[in-house]
**Q** 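Got a structure here, written out as structure tokens. Questions coming.
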Amino acid sequence: MTEKKKRLSSGEERKRHRLMDVKRPNFLEEIFPYELPPLIRLDGRVTENIDGKEVEFDFGAVKDRDILISDTTFRDGQQARPPYTVEQMEHIYDLMSRLGGPNGVIRQSEFFLYTKKDREALDRCRALGHKYPECTGWIRAFKGDFRLVKEAGLKETGILTSCSDYHIFQKLRFGSRKECMDSYCEVVDAAFEAGVRPRCHLEDLTRADIDGFVLPFIDKLMEMSEQVPEEQSVKIRLCDTMGFGLSYPGAELPRSVPKLIYKLNRECGVPSERLEWHGHNDFHKVHINGATAWLYGCGVVNTTLFGFGERTGNPPLEGAIFEYIALKGELCGIDTLAVTELANYMRRIGLPIPDNYPFAGRAFNTTRAGIHADGLRQDEQIYNIFDTTKLLGRPPRVAITDKSGADGVTHWINEFFGLKGEERISKIKIHKLARWVIDQYEEEGRLTAISDEELEAKVKELLPEYWEKYKGVKGK
Amino acid sequence: MATVEERIKAVTARVLKVPVEQIKNEHSFAVDLGAESVQSVELVAMFEEEFGIEMDEMGALSVETVGKAVEYITEVCKEQGVEVEE
């Protein structure tokens, strides 16, 4: 008997899917290896329609292509908060170097050069002797400012070359685009003369006239770069100053990240390693836009620690780190434990990191629902994104509320005593503590979560035999 | 000496705060006697204390009715050498 084919409302034939019954689970470990972040596996070519033609991109090539992270914690990051002290910058830079590892995955970090304190911080960081991140400068587009770069002994500096008409006409008050472009080119010439590599920051790129100003400017910069040694040739930072960038195929210029990268990389010929994406988070797209830039051919994503930056912030450095590992499929010398050290340090010096902030918030891997706690208790991989103990020094936790149930309390207590496997205490044995928790809400009318300190005191009181056994002192 | 069934019903009455005479063997702890999640754990803990036994957490918590609890605990008592009145 032939099965009657069903058609969907779209007219397509409905595809039937057969159950693959198995007795052993398939945890898809080739994608979710647990000891690493979930891998980003890319296959096949991706096409984008640009100027009426299908253009191909090979995302899979990113595994073998050089992609890097750069940092602007001390420049854009510092624009969003009271200034760091010199000592703080030195310590953060030191940890950042450890995070990026000996291969220089965090390749560069940029510094202001205007005040004595700026220059002292730069000197102190360089005195640490780390190869990476390399220190670069950031100056305005004034020829005289190259003196600062030269005096600081830096090989590269960012310079503002804003490119939307908002900036050209309304902010910088140029009379025409040509006047603006000539002025920028004079500054680039001054950089070459000073022996400094200029990194042109195309401010407000995602609101600029790409064909009418940006591409002719890039053409000119490429011509100028041909006159100097390769190591001095102009780098381009694509600045999504207002966070207008869009990652998905089909979006139009000037907002399309794929098309912007394509135009600069494959039409103007700027090599990938000289292209850097700098985003802002005004529309919650900051991380994915950076990752998209990598995939479409941009070599570097510019970031700040914990995303701190002007207004809504920049691509979070630690987010880019985990994206990098997921794309490459290996740690590449990165020391992810430094993320936790950096987060702890930032909190100590007053930088607020929300509790639910990925990878670094106090509660990023804390579950509250009892049913999730039950899953964690049976197998932490059920509700933990990866081995957060190994990669971040942060075991998965449960927060105790009215929703935690006996499972949540059991998970908490086993984590508290650091018990694994067969050693773990059964929930039957902790029923007094579970009852106390429930009564806090049902009898006492409590509305807040129970702190670790409160629970610790109650463990001592209600479960003295365990306290004595695992803490080595008598309870009560 | 009270039987296993009588002792189980007495513990159940005390933990769930229901009159002992209303507890039937076919009653489900959760559905008929209203045991909530934590109370189920408390029941198992109290049964262990009453009989001086150790029960497997998963096995004990999967017992649904009073009558099944009588069977399960009688078996555990036998395994662990605890004398009880059947």
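To find a chain, count down the sequence lines: A is the first, B the second, and so on, and within it residues start at 1.
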**Q** Check each atom of B:M55 against the heavy atoms of chain A and say whether the ones under 4.5 Å are side chain, backbone, both or neither.
**A** neither
**Q** Heavy-atom distance under 4.5 Å to chain A: side chain of B:E49, backbone, both or neither?
**A** neither
**Q** Can you tell which of A:V437, A:I430, A:I428, A:I438 has the highest number of heavy-atom pairs within less than 4.5 Å of chain B?
**A** A:I428
**Q** By a 4.5 Å heavy-atom criterion (distance strictly below it), what part of A:K432 contacts chain B: side chain, backbone, both, or neither?
**A** neither
**Q** Determine, step by step, whether A:K458 and A:E454 satisfy the salt bridge (charged side-chain N to carboxylate O under 4.0 Å, His left out) criterion, reporting the C-alpha distance in whole Å, the side-chain angles of both residues, the deciding distance to 0.1 Å, and the verdict.
**A** CA-CA 6 Å; A:K458 280 290 158 191; A:E454 284 177 278; over 6 Å; no
**Q** Looking at the rings of A:F359 and A:F322, which for Trp means the six-membered one, are their centres under 6.0 Å apart?
**A** yes
**Q** Quick test of your reading of the model: are A:D452 and A:R397 salt-bridged, counting only N-O distances below 4.0 Å?
**A**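 Salt bridge between A:D452 and A:R397, a charged N being under 4.0 Å from a carboxylate O: yes.
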**Q** Look at A:K420 together with A:E423 and state whether they make a salt bridge at an N to O cut-off of under 4.0 Å.
**A** no
**Q** When the ring planes of A:Y470 and A:F417 are compared, do they come out parallel, tilted or perpendicular, using 30° and 60° as the limits?
**A** tilted
**Q** Against chain A, label B:L43 side chain, backbone, both or neither, depending on which of its atoms sit under 4.5 Å from a heavy atom there.
**A** neither
